[in-house]
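Notes follow the structure.
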Amino acid sequence: MTLSPPAAPSASAPQTAGPDTTAFISQVAHFAREVLAPRVAQWERERRPGRELTQAAADLGLFRMEVPTELGGLGLPFSAKCEVSELLGGIDYAAAFSLINSLNVATRIARMASPPVRARYLSGLMSGDLIGCTALTEPGMGSDFAAIETRATRVAGGWRLDGRKAWITNAVDADVVLLFAQTDPERGAAGVAGFVVDAHRPGFAREAAYAMAGQHAIGAGGFALDGYLASDDEMHLPPGQAFKAALTSINGARTYVAAMCCGMVGEALRIAREHGLSRQTFGQPLFDHQGWRWRLAEASAELTACRLMVAQAARVIEAGGDAQVLAAQTKLQSTRMAERHLPALAQAMGAEGLLEHHPFGRHLVAARMASFTDGSNEMLLERIAAGLKHGR
């Protein structure tokens, strides 16, 4: 699908320097508002992911964003990913998170997988013919990554994988899975390894999609592995490296989730502002009532602060710095900001905000979801406190 000429980029998202990046962000802004936005309410009614737009997203280059240029990617920086996350998240958190997760799989296979595995899957992931997901979480084990029980047992020519995964984005229809499994329980975190898993092979059993309160476009579900055989070259992260790599990637995820929260509040603020300027009450625009407009002013002030935190975290991550505490702080503040101001902005809309073509209902559920994604707020507080203890 051709998305040109693009509309001007949203004023809500700061621009990254560089003509190629700026042009790409402009196209994403057009895709988000003109292509994605008209369809998300239908996906929620039908309780399903919106896979009919996967090809349009691929044509845009979305799944090639962070793939190195020598492998057919765009080679864009992490800060561009945060801008894209804000633009897409402003329309629908679930759809944004689904798309970004497939992008993540393409990026990691490009950077970490063996040449045969890369040749097998990378082209399909970038073209949108394949959907990707990452599988860490297990039933009864949410944020305690080191306690995973999915086992990888050495066999002739590779590894046998057995176990279950739960609450996995894109699990309902993913083709390629970056799966983490324990090779040696006695080693704890040091025994965890990462594997590239093909969801169409014997030994992989997909479970039913979760019936949730909302945000079904995220495609959340689970699957079981029973005697799944992975070849040696499908271990993309060996024991001793996988756990650290996963924790490093979580810092990035926390930052782009924060950007999505900024996108939700930014879009809600835009809609509420337009409503306040056009709606007449007691002979004057709603915006002219002091108590009403102060709600918007409060949201605007905190939104600006959170956007600055996202930008700072993105810079540290791009520079290869230690972003553990900063990413935790950024996500904590941004999710709390969203949970505080989205209800206030919905209230500012009155009954108008209940209409499904507005995002308020979806965003309210999404803000709650974001507070659990890639580390609950309680875990983030522990991460921040640990940083304080060690002077970071």
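Since we're looking at a predicted model, the values are computed, not measured.
- Contacts classified as side chain to side chain donor-acceptor pair (under 3.5 Å) and involving residues 282-294 (residues at least two apart or in different chains) are given here: Thr281-His289.
- Residues meeting the salt bridge (Lys or Arg N to Asp or Glu O under 4.0 Å) test with Arg48, sequence neighbours left out: Glu46, Glu52.
- Taking the charged nitrogens against the carboxylate oxygens, Arg336 and Glu302 have no contact shorter than 4.0 Å, which rules out a salt bridge.
- Identified under the side chain to side chain donor-acceptor pair (under 3.5 Å) test for residues 145-156, with sequence neighbours left out: Glu138-Thr150, Arg154-Asp232.
- Defined by atom type and a distance below 3.5 Å, a donor-acceptor pair is missing between the side-chain atoms of Gln215 and Arg362.
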Should Leu296 and Phe287 be marked as a side-chain contact (heavy atoms from CB on, under 4.5 Å) after you check the CA-CA gap, both sets of side-chain angles, and the distance that decides it? CA-CA 9 Å; Leu296 275 64; Phe287 202 99; 3.9 Å; yes

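- Between the side chains of Thr169 and Asn101, not a single donor N or O lies within less than 3.5 Å of an accepting N or O.
- The closest side-chain donor-acceptor pair between Tyr93 and Ser85, if any, does not fall under 3.5 angstrom.
- With values rounded to the nearest 0.5 angstrom, Leu88 atom CG is found 12.0 Å from Lys81 atom NZ.
- Using a cut-off of 4.0 Å between Lys/Arg side-chain N and Asp/Glu carboxylate O, Asp226 and Arg160 are scored as salt-bridged.
- Aromatic ring centres of Phe372 and Trp167: separated by at least 6.0 Å.
- Side chain to side chain, Ser371 and Arg368 meet the donor-acceptor criterion of an N or O pair below 3.5 Å.
- Ala152 approaches Leu161 most closely through the heavy-atom pair CB-CD2, 3.6 Å.
- Salt-bridge check for Asp173 with Arg51: passed, with a basic side-chain N closer than 4.0 Å to an acidic carboxylate O.
- Every pair passing ring pair (Phe, Tyr, Trp, His ring centres under 6.0 Å) that includes a residue from residues 219-265 is listed here, sequence neighbours excluded: Phe145-Phe243, Phe204-Phe223.
- Between Glu267 and Arg33 there is a salt bridge, since a side-chain N of the basic residue sits under 4.0 Å from a carboxylate O of the acidic one.
- For His216, the side-chain contact (heavy atoms from CB on, under 4.5 Å) test picks out Glu44, Arg47, Met212, with sequence neighbours left out.
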One pair to check against side-chain contact (heavy atoms from CB on, under 4.5 Å): Ile109 and Arg120. What are the steps and the verdict? CA-CA 10 Å; Ile109 283 183; Arg120 202 175 305 149; over 6 Å; no

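- Note on Glu234 versus Arg201: salt bridge recorded, some NZ/NE/NH1/NH2 to OD/OE distance being below 4.0 Å.
- Between Leu342 and Val265 the shortest side-chain heavy-atom distance falls below 4.5 Å.
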As a quick check of understanding, evaluate side-chain contact (heavy atoms from CB on, under 4.5 Å) for Val176 and Val197, giving each step before the final call. CA-CA 6 Å; Val176 186; Val197 167; over 6 Å; no

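- Residues Met235 and Leu178 do not share a hydrophobic cluster, defined by chaining ILVMFWY side chains whose heavy atoms lie under 4.5 Å apart.
- Arg254 and Ala327 get closest at one heavy-atom pair: CB-O, 3.9 Å.
- For Tyr121, there are no ring pair (Phe, Tyr, Trp, His ring centres under 6.0 Å) partners two or more places apart in sequence or in a different chain.
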